[in-house]
Amino acid sequence: MVHWRCRHLHSFATQHVNYHMLQQWRLLLLQIAEPHRSARFPVPSFILRSQQQQQQQQGQRRAFSMCSCRGNKRSASTQQQQYQHHHNHNHHNHQLSRTLTFASAASPSPPYHSDPEMKRATKRKIPAHIANKIDKVILSPEAMASAMTILSHLEAGQNELAWDAFECMARNTSFSRTIVQRLLGCLRADIRQGAKSPVQSRRLMLLLHHVKSNRVYLDENEFRVVLELLDRLDLVERAEATFKTMASYCNQPATIRTYNKLAAAYLRRIKALDGQQRHSRYMDKLHTLVRSLEEKGIAPDVLTFNILLTARGQLRQVKEAEAIFDWMERAGVAPNNRTVNIALDLYGKLGVECGLMHAISPAFRDSSGAEGDDVVTFATRIRNAVYRRDMESAERTLKAMVERGIYPNEYVYAHLVLGYVQNGDISKARTVIKLINKSPDDLKPTAYLYGPIIQFYARAHDYKKAYSVLSEMLDQGIPANLTIYTILASMFTDSPIFEEPTQAIHILRSFYRHASSNEPLDQAALTVLIQSHGVAGARDLDFDLSWTPLECKDDVHHHQHSTIIHEEDNSTCHNSAHEDGDTTPLGLSRRELHARAAQESYNAISHPDDLAYTAMLAAYARLKMPEEAWRFWTSMKTNLKLDLHTFHYNALIMGLVYDEAWYKTAREVFDEMVTAATTPSPESDRLSNTNKPVPDIATFDMMIEGAYSSGDLDSIRHYWRMSLRPKPNETADPPSLLARSYYFALQTMIATNDPKGVDEVYDEFKSLPSLPASATLWAHKIHDIYRNWNVQYEGIQSRLPMNCILWVRRESWS
């Protein structure tokens, strides 16, 4: 309420407004406390409106009539008596209102000032802008009824009805701050429980619009709740706009906690999104936000630096993390346990040690730890030791942990089992599982402890022992989770001995059919499913039409470039797939059905990663669908703007290079890869440790074989002499081409009459330290071809004059 220029008028008006506001809340509490009486004896709405207008107009008229500025020269004592008289009269009217509320079918008395001329005279006495200010302070009967409706629904736990009432009345009614607080708390509870839908976003936007338009200001704590909800709803841009216009929603200044809340939203985006460009975008925003604290005169706290460190660790930027440690030390901010844990996590994942980590934690590399270390610190040290395959250090850390009175949790036990399995010590891994039953915290073994053991036997192709461990787990009443199912599916897909991709598909789809409501297939399982469909389609295996179709995410950003093969429009498959195998009742071949299922599995992934992209490209390559692979590649580059790596290019080249019609496109892709590898990186890429797509051994193997199949012998000679081709004598663990690649290169050098090239290929092949058993046949072919060529070449030289021999050698070497 604004201050009136007349002090007498302002004093009386303030008392008048406060009095009636108090009476309204008393009426509200009375109706909430006695809802049955209110329901039995309803009061007509026109009586309430007339009584409210009567009290408001009477008090305002009396206040103006006593004001000295309006020409009334009575003394202050007379004014006080007059005000007391009218105050008693208003109290009498209020008692009358309460009597009417609980009266039964009583006829209403005529309203005060029923004469129209008297009403118009009263209105002319009160300025319009003053009346509007009073109306904003004093809630109307309709607003009171709406507030009562929303509060009654919230008290009864009927949140949906409360929101429906608010959405219907918010545009025409100004609610109090209490209603806004209750609705904001209700929305926060729903979103934290996982309710993340467009409905929640719409409600939050409506609530913010109501706060801004009606100036129902939030405090700083409530404003941080708004930023948190916008972050959880993936509305980071909206959170930025709300933060910039904070004065429209909050009547308190921003603090370091407000800035940390927005910084946490940026960190969450960095963790969730793939691609270096997206990471750099939000990393720049985070850094700019923190640097703006100096302009505002706000000092960053330890939480601010922890967010920055976590972001740099997520991007694997070690030098930038060291700079943040240095900045933290200059700012005089003492690290806490969370800072130490972040440093340990960065050290463990990257395998490097930041220069300032010793200063942060003197016992950083000491397995005994330091005073104040918590269970997270010890668990991270044990995990780092497992990553280094240093189980002795892990055991010392575990002993120090127990001596401190800190008992290991399930996370620690799981990493100990993983460490022993990596070292091949299965007996100790089983001992750890037995020890967990004796833990004082009453821990029980879970599927996560048995998973590494099952995976160990599966990778060793010892399926009997893998199933034995699985049966042991099930006999103890431990249900198999999705991780176990994914391990079993990978066993059927990846095994060169017991390859049954249809069995892998059956395992994962059966799990989805029985547990889709509780635990849908995660990204790892869907990636294995894509790979299984690709292998099954390449082998032209049967497709079971009873397999449960997967549900695609509605909010997936990559749907715009998906190439789902529909039943009614399968022309793309018929153009790219070979006419092999029998058709199904749907009119599609088995290969086409597996291709559609692989695309369906890809679409079910909310945020595909590099493994999912590679699996999809490899599936198209196995299915011999170069057109679909190229369409997926172009859409992936255009719409997702990914950071492409070597394995991305290799998966695409594998799908194109063996098709003579697409060999030219494969060669262009290879040239693009070489250009990206030889182009100097900008400073930003060097700082972010971006991996360039450099051609590796697999790339050259595919390009040499594809060029030989297409008769492009000149390209084979070019590939052989490229400086980017890895040589066997360049590293301690020498990479080498496949034996067949040496055979194709040797045949090319002989066909192009290149004696020097023939000797280079053969000498490099002989320098290989060892060959697998599968290369025996190719090795015999290489030796036979070189021996025959050498005999023929020496025979030609012996029958030619010396000047002709020199000319032949000069021409061939040139």
Side-chain angles (χ1 to χ4, degrees), residues 348-349 351 383 385-391 394 413-433 445-474 478-511 521-536 538-539 541 601 609-612 614-615 618-619 622 647 650-651 696-698 733 735 738 770 772-775:
K349 289 181 178 179
R383 186 209 63 181
V386 170
Y387 285 170
R388 301 191 306 268
R389 296 178 180 265
D390 186 4
M391 294 308 298
Y413 285 112
H415 275 91
L416 289 174
V417 171
L418 178 62
Y420 288 125
V421 169
Q422 288 178 349
N423 291 347
D425 197 344
I426 304 299
S427 60
K428 284 191 176 181
R430 287 181 170 273
T431 303
V432 173
I433 296 178
T446 62
Y448 294 104
L449 298 177
Y450 286 93
I453 302 178
I454 297 175
Q455 189 175 26
F456 174 81
Y457 289 124
R459 289 179 175 176
H461 313 309
D462 194 344
Y463 307 112
K464 291 184 178 180
K465 290 185 178 180
Y467 276 111
S468 175
V469 177
L470 178 63
S471 301
E472 177 186 343
M473 182 188 74
L474 297 177
I478 303 173
N481 57 6
L482 182 57
T483 303
I484 301 298
Y485 279 89
T486 305
I487 292 173
L488 296 177
S490 301
M491 179 179 69
F492 287 108
T493 303
D494 299 334
S495 172
I497 302 174
F498 193 64
E499 187 179 38
E500 287 291 342
T502 54
Q503 187 69 18
I505 298 171
H506 177 72
I507 288 174
L508 293 177
R509 289 188 178 270
S510 298
F511 179 86
L521 298 183
D522 60 4
Q523 185 163 309
L526 291 170
T527 303
V528 173
L529 197 58
I530 294 172
Q531 181 182 0
S532 302
H533 279 294
V535 175
R539 295 175 56 185
L541 300 179
S601 303
D609 59 355
D610 291 333
L611 295 178
T614 308
R622 292 189 179 98
F647 44 82
N650 287 349
D696 58 2
I697 285 294
D733 186 13
L738 295 176
S770 61
S774 59

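Only this structure's heavy atoms are used, side chains among them; waters, hydrogens and symmetry mates stay out.
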- Message: Quick check for you: to the nearest 0.5 Å, what is the distance between Asp610 atom CG and Thr527 atom OG1?
- Response: 10.5 Å

- Message: Could you work out, with salt bridge (Lys or Arg N to Asp or Glu O under 4.0 Å) as the rule, every residue matching Arg622, not counting sequence neighbours?
- Response: none

- Query: So, for Val528 and Ser490, which heavy atoms are closest and what is the spacing to 0.1 Å?
  - Reply: CG2-OG, 3.5 Å

- Flag side-chain contact, heavy atom, 4.5 Å: Leu521 against Tyr485: no

- Is there side-chain contact between Thr493 and Gln503, with at least one heavy-atom pair below 4.5 Å? no

- Can you check side chain to side chain contact (heavy atoms under 4.5 Å, CB included) on Gln455 and Thr483, steps first, answer last? CA-CA 10 Å; Gln455 189 175 26; Thr483 303; over 6 Å; no

- Close side-chain approach of Ile433 and Met473, heavy atoms under 4.5 Å: no

- Message: Restricting to non-hydrogen atoms, name the atom on Ser532 and the atom on Ile505 that form the minimum distance, rounded to 0.1 Å.
- Response: CB-CG1, 3.6 Å

- Any side-chain heavy atom of Met491 within less than 4.5 Å of one from Ile454? no

- Item | Nearest-0.5 Å distance that lies between atom CZ in Phe492 and atom CG in Leu508 | 11.0 Å

- Query: Roughly how far apart are Leu418 CG and Met391 CE, rounded to 0.5 Å?
  - Reply: 8.5 Å

- Query: Distance from Gln523 atom CD to Leu611 atom CG, nearest 0.5 Å?
  - Reply: 7.5 Å

- For residues Pro445 and Ile478, report the shortest heavy-atom separation together with the two atoms involved. O-CD1, 3.4 Å

- Over 60° means perpendicular and under 30° means parallel, so classify the ring planes of His415 and Tyr387, tilted if in between. perpendicular

- Item | His533 NE2 to Thr502 OG1 distance, which is reported to the nearest 0.5 Å | 10.5 Å

- Determine the minimum heavy-atom distance between Leu488 and Leu470, stating which atoms define it. CD1-CD2, 3.8 Å

- Is there a side-chain contact between Tyr448 and Asn481 (heavy atoms, below 4.5 Å)? yes

- Item | For the student: nearest non-hydrogen atoms of Phe456 and Gly424, plus distance | CE1-CA, 4.4 Å

- Message: Rounded at 0.5 Å granularity, tell me how far CD1 in Ile697 sits from CG in Asn650.
- Response: 11.0 Å

- Item | Heavy-atom pair of closest approach, residues Ile487 and Gly451 | CD1-O, 3.5 Å

- Are any side-chain N or O atoms of Ser468 and backbone N or O atoms of Lys464, one a donor and one an acceptor, separated by less than 3.5 Å? no

